[in-house]
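Below, read A as the first sequence line, B as the second, and so on, with proteins coming before strands; counting in each chain starts at 1.
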Amino acid sequence: MSHDAQVYVKSETEFNYIKQKRRKDMRGQITTFAIMIFFTLIAFTAVAADFSKYLIAPVILLLAVVQVILQLFYFMHMSEKNHNVPMYFLFVGAFFGFITILTFLTIIWWG
Amino acid sequence: MDLNKKYTPQTWPDHPEQVTMEGKNKFLGFWLFLGGETVLFASLFATYLALKNKGPSGMEFSTQTLFELPLVFIMTMILLTSSLTSVYAMYHMKNHNFKGMQLWLGITVVLGLAFLALEIYEFNHYVHLGFNYSQSAFSSAFFTLVGTHGIHVVVGLVWIILLIVRNAKRGFSLYNAPKYYTASLYWHFIDVVWVFIFTVVYLMGVVG
């Protein structure tokens with residue numbers, strides 16, 4: 001019974017509309033990909049250009065965070081509705097991950 | 001109801017991965033698993049950051065002398081592109097184009113294999129230099145973090161290949177749509193982890 005589903009036949013108009021919408025969404029995905037590639041290029045160029053490490057480190061970390069947010073919200077569809085619980089799971093995981101990293105960095109070498 | 005009931009593009013649901021109770025459970029359960037994976041990788045990152053460039057006295061290796069950016073750059077581009085190809089696969093799944101989806105997943109697998117080959121080459125190169133798993137605290141932390149990611153790539157590849165082969169003659173059903181969807185989520189997550197690895201391990205390692 002767990003695989004039951006109602007069958008709904010789309011009308012021609014509905015079908016064409018959803019097809020158009022998907023094509024538009026896919027164009028958005030390609031834009032997201034272009035931005036991600038661009039950020040990666042900036043990060044690698046900044047390191048290769050040998051700027052001060054106090055400038056580079058925060059910039060490339062920020063680029064990484066933005067890139068991951070794009071990946072999660074667009075490639076993994078977290079921006080679509082019906083994703084509240086997945087967001088909760090992932091952000092709780094990220095929160096505990098952040099605490100772990102903070103602890104290891106401070107407890108071991110700052111004391 | 002028959003699990004292998006055939007659909008047409010007109011009857012195929014908008015979100016085939018979440019129509020059945022089974023699909024909904026897979027979707028939620030898989031995101032919970034990804035939350036757990038986040039904690040796993042965070043603890044490995046924490047260990048690596050704490051032990052980076054540290055070890056017994058007389059250490060001849062450091063992140064600055066070891067890492068080579070061109071190789072990491074190529075690996076990054078390959079994995080990022082494979083993430084886009086699996087988005088294409090899911091696009092075709094929503095459009096009920098089975099051949100298109102199988103083809104794009106096949107491309108994803110090829111890119112994943114290329115990434116894996118480069119990673120094996122890289123590890124092999126380090127071991128030849130004398131930077132092996134038990135060389136220092138730094139080397140253990142490095143290989144554990146990057147190697148765990150590599151194992152995830154292997155698991156993802158095996159998973160996707162099995163899906164492609166097992167369902168080749170079946171076509172779409174509401175039974176296998178959630179399976180494809182979770183596999184693609186897993187593949188994206190592998191890329192999410194890699195974004196932090198190339199930034200925190202390689203780029204910040206080269207910067208010092």
Side-chain angles (χ1 to χ4, degrees), chain A residues 1-12 15 18-19 22 25-26 29-30 33 36-37 40 43-44 46-48 50 53 56-57 60-61 63-64 67-68 71-72 74-77 82-83 85-94 96-105 107-109, chain B residues 1 3 5 7-11 13-15 18-23 25 27-28 31-32 34-39 41-43 45-47 49-51 69 72-73 76-77 80-81 83-84 86-88 90-91 94-95 174-175 185 188-189 191-192 195-196 198-200 203-204 206-208:
Chain A
M1 279 296 126
S2 64
H3 292 279
D4 269 352
Q6 293 266 309
V7 175
Y8 174 76
V9 185
K10 290 190 185 76
S11 70
E12 196 63 29
F15 180 63
I18 194 85
K19 228 178 157 176
R22 283 201 196 106
D25 287 351
M26 195 59 220
Q29 299 282 36
I30 292 168
F33 177 70
M36 282 154 68
I37 291 282
T40 308
F44 273 89
V47 172
D50 217 14
K53 76 172 186 184
I56 293 178
I60 60 177
L61 274 179
L63 289 176
Q67 200 172 323
V68 161
Q71 182 98 19
L72 287 171
Y74 294 100
F75 280 15
M76 294 168 86
H77 312 291
N82 201 11
H83 277 72
V85 180
M87 255 193 243
Y88 169 73
F89 287 154
L90 198 83
F91 290 151
V92 168
F96 281 102
F98 177 72
I99 299 281
T100 311
I101 290 171
L102 200 66
T103 310
F104 273 50
L105 283 178
I107 270 186
I108 299 187
W109 304 113
Chain B
M1 187 178 139
L3 290 185
K5 179 178 160 44
Y7 286 81
T8 65
Q10 272 83 5
T11 58
D14 290 345
H15 290 279
Q18 286 186 68
V19 171
T20 62
M21 182 55 84
E22 176 86 16
N25 288 341
F27 174 79
L28 270 191
W31 275 101
L32 178 61
L34 289 184
E37 290 270 280
T38 310
V39 179
F41 276 103
S43 61
F45 270 107
T47 313
L49 287 170
L51 297 174
L69 283 188
V72 180
F73 180 72
T76 305
M77 285 301 159
L80 209 57
T81 310
S83 209
L84 180 75
S86 75
V87 171
Y88 264 109
M90 288 307 104
Y91 168 69
K94 286 189 173 164
N95 277 337
L174 292 181
Y175 167 68
L185 279 184
H188 290 311
F189 187 78
D191 199 54
V192 165
V195 169
F196 282 118
F198 86 70
T199 305
V200 173
L203 290 181
M204 285 172 69
V206 169
V207 172

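Between Asp191(B) and Gln71(A) the shortest heavy-atom distance is OD2-OE1, 3.0 Å. Taking every heavy atom of both residues into account, Phe89(A) and Leu28(B) meet most closely at CE1-O, 3.7 Å. Between Leu90(A) and Trp31(B), the shortest heavy-atom distance links the atoms CD1-CZ3, 4.2 Å. Summarising the geometry of Gln29(A) relative to Leu84(B), their closest heavy-atom pair is O-CD1, 4.3 Å, with the distance given to 0.1 Å. Nearest heavy-atom pair, Phe196(B) versus Val68(A), reported as atom, atom and distance to 0.1 Å: CE1-CG2, 3.6 Å.
Looking at Val200(B), only its side chain comes within 4.5 Å of chain A, counting heavy atoms on both sides. Residue Tyr88(B) touches chain A through both its backbone and its side chain, counting heavy-atom pairs closer than 4.5 Å. For chain A, no part of Phe41(B) is nearby; none of its heavy atoms comes within less than 4.5 Å. At a 4.5 Å heavy-atom cutoff, the contact between Ser83(B) and chain A is made by backbone and side-chain atoms alike. Proximity to chain A is absent for every atom of Thr8(B), based on heavy atoms less than 4.5 angstrom apart. With a 4.5 Å cut-off on non-hydrogen atoms, Gln18(B) touches chain A through its side chain but not through its backbone. Both the backbone and the side chain of Thr47(B) come within contact range of chain A, with heavy atoms under 4.5 Å apart. Looking at Asp14(B), both its backbone and its side chain come within 4.5 Å of chain A, counting heavy atoms on both sides. If you measure heavy-atom distances from Phe73(B) to chain A, the contacts under 4.5 Å come from both the backbone and the side chain.
A heavy-atom distance below 4.5 Å is found between the side chains of Tyr7(B) and Val7(A).
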> Step by step, would you call Phe96(A) with Thr38(B) a side-chain contact (heavy atoms from CB on, under 4.5 Å)?
Replying inline: CA-CA 9 Å; Phe96(A) 281 102; Thr38(B) 310; over 6 Å; no
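With respect to Thr199(B), the side-chain contact (heavy atoms from CB on, under 4.5 Å) criterion is satisfied by exactly one of Leu63(A), Ile60(A), Thr40(A): Ile60(A).
The number of heavy atoms from other shown groups lying within 6.0 Å of CZ (Phe44(A)) is above 12.
The residue among Val206(B), Leu49(B), Leu51(B), Asn25(B) with the most heavy atom pairs within less than 4.5 Å of chain A is Leu49(B).
Classified by interplanar angle (parallel below 30°, tilted 30° to 60°, perpendicular above 60°), the ring pair Phe75(A)/His188(B) is tilted.
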